[in-house]
Structures are given as structure tokens and as C-alpha cells.
Amino acid sequence: MEHRHSSTEKTVAAAMGTASSQFGMISWAQARAHGLRHHDIRRLRRSGTWGNPYPQVYSVRSLLAPTNTDRWFRTAIMAAQLALGPYSFAGGETAARLWGMQGLKPWDGRTVHMVIPALGSQRHIRGITLHSWYTAPEEVTTTGDGIRTTDPGRSLRDTLLHVDRNTAVCLMDSCLNQGLVTEEDVEILEKRNRGRKGCVRVRNWWPLADGRAQSPLETRVRLVCVDGGVPPSSLQHRFTDSSGRLIGIVDFWWEDRELIGEADGIGPHSTPQALAWDRERQNALQLHYPNVRVVRFTWQDLSRPSYILAAVAGS
């Protein structure tokens, strides 16, 4: 009896090892491969040690981290992947999030987008939005932590078909800025999306992409200015002193107006060190470029584009 108990503990420990490498998730087949029997799994479920989010997919509750948004996101994807089988993979906005593309609304904490060869009878699965897009094998990859997903270019072009213009340009800017896609890729990706539902609407958005934008706030402010007829002359403009020493790099620069624009989101600018550096930089700019005007834009300003345009115009 003691030997059987010891053997069960070892098989549970082995199963825990697999679940640990899969963000706390394990499939029925994997558990069985480690030697766990039907009644072992039933006991783990009844005790509350294991959860059962999908048929034949189990969560080891001690390994879950719901308060860690990134890990919980990957847990949800892994659960869906195990539930849907080896031919499934993350796609659309879920894949975009996996690649770190910036510009989407915060994840809702529940829903993941997955691609499978054919929807068939698996059309409604709680927490999973299913797609049956044809995806070439070379457009699918596996991350270092075992999640199958579309590559950055495919993830981007799938996502663009389902978002508004401003979000789309934020995603494109983010991809270019991070090097997930290149300038040369943009034309190729646009052509590959032709013929798909929504592609005509998206076609005119691709030329708006600019990899110099370093945040969605910068992208959105720029779009307000473009739409209002006052596009900035330069992004991430470099200012130097008379000896050529770099004074600072600014988000926006309007040459004809001698105007600097800064997009101040919540983050680095709010730290004491960053604020001190920002003041030092602004003092240096004013010293060497006394005629230059500086305006700052926040997320709240996006709700009143007329204010942004008026600030640029100087009225």
C-alpha cells in the first residue's frame, strides 16, 4: 500500500513538471502518459487540486498566477491549445499580443483567438474565439515557451482586418519600431491580404505607418495632426548644440512652426529621475533654441482633438 502511494506521488510529481512547463496546464493524454489513472485524476479534481477548464484539459491550481496578467494570458492560450489539439495555434489579436505589438485595448482576461483547420462542430467554446483562416505552414511558429502562433507579419495582417484605423496604425507602427516587420515587408503584407474581407478598408492605412513612433499615444497624436492638416515635419527629432553634442530627442517637430511636441503617457516621464532629466533637457533646448515652443499631449487630450490642433497652431 505504501509502495502504491509512493508511486502515485511520483507520477503526480512528474505530471506537475509537465504542467509547470505549460503555465499550469496539462492534458488528459499527458497525465495518462505519466502513469496517472482515471481515479487518480478524479481524486485530484475532487480535492480541488486540479481544475478542469475544458474537456480533458486540467489546470494545476498551485501553479496558476491569475494576478500576473502576462502569465495568465499565456495560461489561457495553452489551455485552448491543449483543448483544440496539435493543429491549433494562436492567431489574430491574441498572436499580436504574444509578439508584444502595442495599441490594442487591454486583454479582457478571458478570451483568446485560436486558428484551427476547420470549424466543424467546434464552433462555440467558452473563452475561445475560433477562426479557420487558411494559414501557410511557414506562417506558423512556436515560441520558446511552447505556444504555437502565427508569425509577426501574419499576426499583424490578420488583426488589422478586425480593428479601427487608429488601432491598426498603432499596431503597424509598433511592429516597425520593434523590428517585427520591416519597411520592405509592408507592401508584401498588404498584397497578401488582398481578397480578404475588410482588405479594401485597410489598404489606405498601410501608408500611414511610421516605425519612428515609440508608443500608441505618439501614433494617435500624429494621426490627429495628419487628419487636421498639420502633420509634424519629423518624428524623434534630434537637437544638438553648436558643438554637435546631442541635447535631446523629441517626439514631434514642426519645422515651419519651430514647435516641439511631446507625448507624455503614464510611465517613464512620471519617475523623479525622468522628470529631472526632462527639465534639464528642456532648459538646454530653450538655451540653444530660444524661439522654440514646446507643447505636451496626454491620453486625455485625445478626447478633444481640437485642443491638439489648436496647440499646434499656437492659438
Side-chain angles (χ1 to χ4, degrees), residues 18-31 50-61 63-137 139-164 167-168 170-171 174-175 178 180 193 196-198 216:
T18 294
S20 180
S21 68
Q22 297 181 156
F23 305 100
M25 308 305 301
I26 188 169
S27 70
W28 166 268
Q30 289 171 334
W50 284 16
N52 186 206
Y54 299 114
Q56 298 196 344
V57 177
Y58 306 98
S59 57
V60 179
R61 289 180 168 144
L63 298 176
L64 303 181
T67 58
N68 183 326
T69 304
D70 181 65
R71 184 176 172 84
W72 187 247
F73 175 57
R74 291 168 187 272
T75 296
I77 299 170
M78 183 60 72
Q81 182 173 295
L82 292 173
L84 295 170
Y87 298 106
S88 65
F89 47 90
E93 67 177 68
T94 294
R97 292 182 199 279
L98 275 173
W99 290 110
M101 299 180 199
Q102 301 297 304
L104 293 166
K105 292 179 180 178
W107 181 50
D108 66 7
R110 300 183 304 276
T111 310
V112 294
H113 291 254
M114 301 294 291
V115 184
I116 56 176
L119 291 179
S121 61
Q122 300 183 104
R123 190 170 295 274
H124 301 291
I125 300 179
R126 175 181 48 81
I128 305 175
T129 298
L130 290 170
H131 306 280
S132 57
W133 303 317
Y134 169 75
T135 308
E139 294 179 308
V140 182
T141 187
T142 302
T143 65
D145 47 25
I147 292 175
R148 296 187 298 273
T149 184
T150 47
D151 65 22
R154 180 60 197 249
S155 303
L156 176 63
R157 65 187 184 92
D158 285 341
T159 306
L160 295 189
L161 298 173
H162 302 277
V163 296
D164 60 85
T167 300
C170 286
L171 291 167
S174 178
C175 280
Q178 296 182 67
L180 295 172
N193 253 11
R196 301 181 69 188
K197 184 178 180 181

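No experiment lies behind these values; they were computed from the predicted model shown.
- Among all heavy-atom pairs drawn from R157 and R196, the shortest one is NH1-NH1, 3.6 Å.
- Note: I116 CD1 to L130 CG = 4.5 Å, rounded to the nearest 0.5 Å.
- Contact annotation: the side chain of T75 approaches that of M25 to within less than 4.5 Å [non-hydrogen atoms, C-beta and beyond].
- The side-chain heavy atoms of W72 and T67, taken from C-beta on, include no pair separated by under 4.5 Å.
- Between G85 and S88, the closest heavy-atom pair is O-OG, 2.7 Å.
- Taking CG of L171 as the reference point, atom CH2 of W99 lies at 15.0 Å (rounded to 0.5 Å).
- Looking at Q81, its side chain does come within 3.5 Å of a backbone N or O of R148 through a donor-acceptor pair.
- How far OG1 of T129 is from CZ of R110: 10.5 Å, rounded to the nearest 0.5 Å.
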Assess the residue pair R74 and L98 against the criterion (side-chain contact (heavy atoms from CB on, under 4.5 Å)); give the C-alpha distance rounded to whole Å, side-chain angles, the decisive distance to 0.1 Å, and a yes or no.
CA-CA 8 Å; R74 291 168 187 272; L98 275 173; 3.6 Å; yes
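- Put simply, the side chain of I77 reaches to within 4.5 Å of the side chain of M114, judged on heavy atoms.
- Here CG of D151 is found 10.0 Å from CZ of F89. Values are rounded to the nearest 0.5 Å.
- The nearest pair of heavy atoms linking M78 to G146 is CE-O, 3.8 Å.
- Annotation: side chain of Y54 is not in contact with side chain of L84 (no heavy-atom distance under 4.5 Å).
- Heavy atoms only, all atoms of each residue included: V112 and A76 are closest at CG1-CB, 3.9 Å.
- The two residues P117 and S132 come nearest to each other via the heavy atoms O-CB, 4.0 Å.
- The structure places CD of Q102 at 12.5 Å from OG1 of T167, a figure rounded to the nearest 0.5 Å.
- Side-chain atoms of N52 do not come within 3.5 Å of backbone N or O of S59 as any donor-acceptor pair.
- S155 places a side-chain N or O within donor-acceptor distance of the main-chain N or O of T150, the cut-off being under 3.5 Å.
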If you apply the rule side-chain contact (heavy atoms from CB on, under 4.5 Å), what do you find for T94 with W107, and how did you get there?
CA-CA 9 Å; T94 294; W107 181 50; 5.8 Å; no
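- Between A79 and V57, the shortest heavy-atom distance links the atoms O-CG1, 4.1 Å.
- In this structure the side chain of V140 never reaches within 4.5 angstrom of the side chain of R154, judged on heavy atoms.
- For the residue pair S174 / Q178, a side-chain donor-acceptor distance below 3.5 Å is found, with atom types taken as modelled.
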Let me see the working for F23 and D145 under side-chain contact (heavy atoms from CB on, under 4.5 Å), right down to the final yes or no.
CA-CA 9 Å; F23 305 100; D145 47 25; 3.4 Å; yes
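- Taking the six-membered ring where the residue is Trp, Y58 and W28 present tilted rings, their angle falling between 30° and 60°.
- Residues E93 and H162 fail the side-chain proximity criterion, which asks for heavy atoms closer than 4.5 Å.
- With sequence neighbours left out, the side-chain contact (heavy atoms from CB on, under 4.5 Å) criterion links A29 to S27.
- Remark: V60 pairs with M16, A19, W50, S62, L63 by the side-chain contact (heavy atoms from CB on, under 4.5 Å) rule, at least two apart or across chains.
- Residue E139 holds its CD atom at 7.5 Å from OH of Y134, rounded to the nearest 0.5 Å.
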Would you sort out whether T159 and L104 count as a side-chain contact (heavy atoms from CB on, under 4.5 Å), showing the intermediate values?
CA-CA 10 Å; T159 306; L104 293 166; 4.2 Å; yes
